[in-house]
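Owing to the predicted nature of the structure, the values given are computational and were not obtained by experimental measurement. What's counted below: heavy atoms across the whole structure, side chains too, no hydrogens, waters or symmetry copies. Each chain gets a letter, A, B and so on, in the order the sequences are listed, and its residues count up from 1.
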Amino acid sequence: MSGRMVEVEAYIGETDRACHGRHGRTARNAAMFGKPGVAYVYFTYGLHWMFNIVTEREGFAAAILVRALEPVEGIDRMERHRPGRALSQLCSGPAKLAQALRIDKALNGVDLCARGADLWLEAGGPLASKHIGRGPRVGVDFAPEAWRAKPWRFFVKDSPFVSK
DNA sequence: CTCGTGATTGACT
DNA sequence: GTCAATCACGAGC
């Protein structure tokens with residue numbers, strides 16, 4: 001299965017009060033403090049898995065949350081994992097895409113740049129900046145205003161596959 | 001709008 | 001060690 005990333009959010013360092021790294025290194029967020037190019041997958045709200053890509057140097061807690069994909073390959077399998085959903089709703093949210101691609105804790109810590117991994121990244125095509133939208137991150141109302149307001153959500157304008 | 005759902009966590013003893 | 005609150009969401013009304 002594969003998809004084109006059409007929506008992401010940045011979580012940047014221990015000073016970012018919306019970032020899981022804000023309380024320092026813990027067992028859950030350890031992958032965030034590790035090498036870049038690695039998956040950070042965590043469980044939340046009692047039922048949802050979230051897929052992040054670790055960025056920045058080792059020891060600096062930063063990652064990109066992948067919030068939506070445009071389904072490309074293996075759409076029939078994704079539909080089996082999320083029965084009864086329209087194509088545009090298959091991967092239009094962080095927990096939806098994890099369910100569609102069967103991403104869970106087994107993929108936490110995998111090297112997304114390695115050949116032969118169970119999950120990996122490939123280069124996409126070019127995207128002109130005029131097609132890129134940005135705005136505040138979603139679901140971070142718990143963070144202080146200064147951090148809630150950071151325009152660190154990026155998405156493909158006019159894509160029907162983004163989360164909203 | 002409301003509610004499910006349970007691992008993780010910081011605040012305690 | 002214990003404990004209750006919290007939470008980078010989604011589905012259904």
**OP:** Answer whether the closest heavy-atom distance between the side chains of A:Y40 and A:N29 falls below 4.5 Å.
**Re:** yes

Original post:
Taking only side-chain nitrogens and oxygens of A:H23, does any of them come within less than 4.0 Å of OP1 or OP2 of B:dG10?
Top reply: yes

Original post:
Going by modelled atom types, is there a donor-acceptor pair between the base of C:dA8 and the side chain of A:H20 at under 3.5 Å?
Top reply: yes

Subject >> Under 5.5 Å and under 30°: A:Y11 stacked on C:dA8 >> reply: yes

Original post:
Could you state the interatomic distance from CG (A:D118) to CG (A:L112), rounded to the nearest 0.5 Å?
Top reply: 11.0 Å

Original post:
Is there a donor-acceptor pair closer than 3.5 Å between any side-chain N or O of A:R137 and the backbone N or O of A:A10?
Top reply: yes

Subject >> A:D16 side chain vs A:Y11 backbone, donor-acceptor pair below 3.5 Å >> reply: no

Original post:
Can you tell which of B:dT5, B:dA7, C:dA8 lies closest to the side chain of A:F142?
Top reply: C:dA8

**OP:** Identify whether any heavy atom of A:R82 sits under 4.0 Å from a base atom; if not, whether one sits that close to sugar-phosphate; answer base, sugar-phosphate or nothing.
**Re:** sugar-phosphate

Original post:
Given atom CD of A:Q89 and atom C1' of C:dG12, what is their separation to the nearest angstrom?
Top reply: 14 Å

**OP:** Round to the nearest Å and state the distance from A:N29 atom CG to B:dT8 atom P.
**Re:** 11 Å

**OP:** Take the protein atom CG of A:N108 and the nucleotide atom C1' of B:dA7, then report the distance between them rounded to whole Å.
**Re:** 13 Å

Original post:
Given Watson-Crick or G-U pairs with both distances under 3.5 Å, what dot-bracket string fits DNA chain B, with | for other-strand pairs and [ ] for crossing?
Top reply: ||||.|||||||.

Subject >> Residue-phosphate contact under 4.0 Å: A:R148 side-chain N/O, C:dA8 OP1/OP2 >> reply: no

Original post:
Quick one: A:L47 CG to B:dG6 P, roughly how many Å, whole number?
Top reply: 8 Å

Subject >> Between C1' of B:dC1 and CG of A:D141, the distance in whole Å >> reply: 15 Å

**OP:** Identify the two heavy atoms, one from A:F161 and one from A:A68, that lie closest to each other, and give their separation to 0.1 Å.
**Re:** O-CB, 3.3 Å

**OP:** Please work out if A:A95 contacts a base, only the sugar-phosphate, or nothing of the nucleic acid, heavy-atom cut-off 4.0 Å.
**Re:** sugar-phosphate

Original post:
Any side-chain N or O of A:R22 under 4.0 Å from OP1/OP2 of B:dG10?
Top reply: no

**OP:** Select one nucleotide: of C:dC9, B:dG6, B:dT9, the one nearest the side-chain heavy atoms of A:F43.
**Re:** B:dG6

Original post:
Heavy atoms under 4.0 Å, any strand shown: does A:R28 hit a base, just sugar-phosphate, or nothing?
Top reply: sugar-phosphate

**OP:** Check for a donor-acceptor pair, side chain of A:R82 on one end and backbone N or O of A:L90 on the other, with a separation under 3.5 Å.
**Re:** yes

Subject >> Gap between atoms CH2 and C1', on A:W49 and C:dC7 respectively (whole Å) >> reply: 14 Å

Original post:
Does A:T44 place a side-chain N or O at less than 4.0 Å from the phosphate oxygens OP1/OP2 of C:dC9?
Top reply: no

Original post:
Under 4.0 Å between a side-chain N or O of A:R85 and OP1 or OP2 of C:dG10?
Top reply: no

Original post:
Does the side chain of A:D104 come within less than 4.5 Å of A:F43's, by heavy atoms?
Top reply: no

Subject >> Between C:dG10 (P) and A:E7 (CD): distance, integer Å >> reply: 10 Å

**OP:** Measure from CG on A:L65 to C1' on C:dC7 and round the result to the nearest Å.
**Re:** 13 Å

Subject >> Side chain A:R148, main chain A:P136, donor-acceptor under 3.5 Å >> reply: no

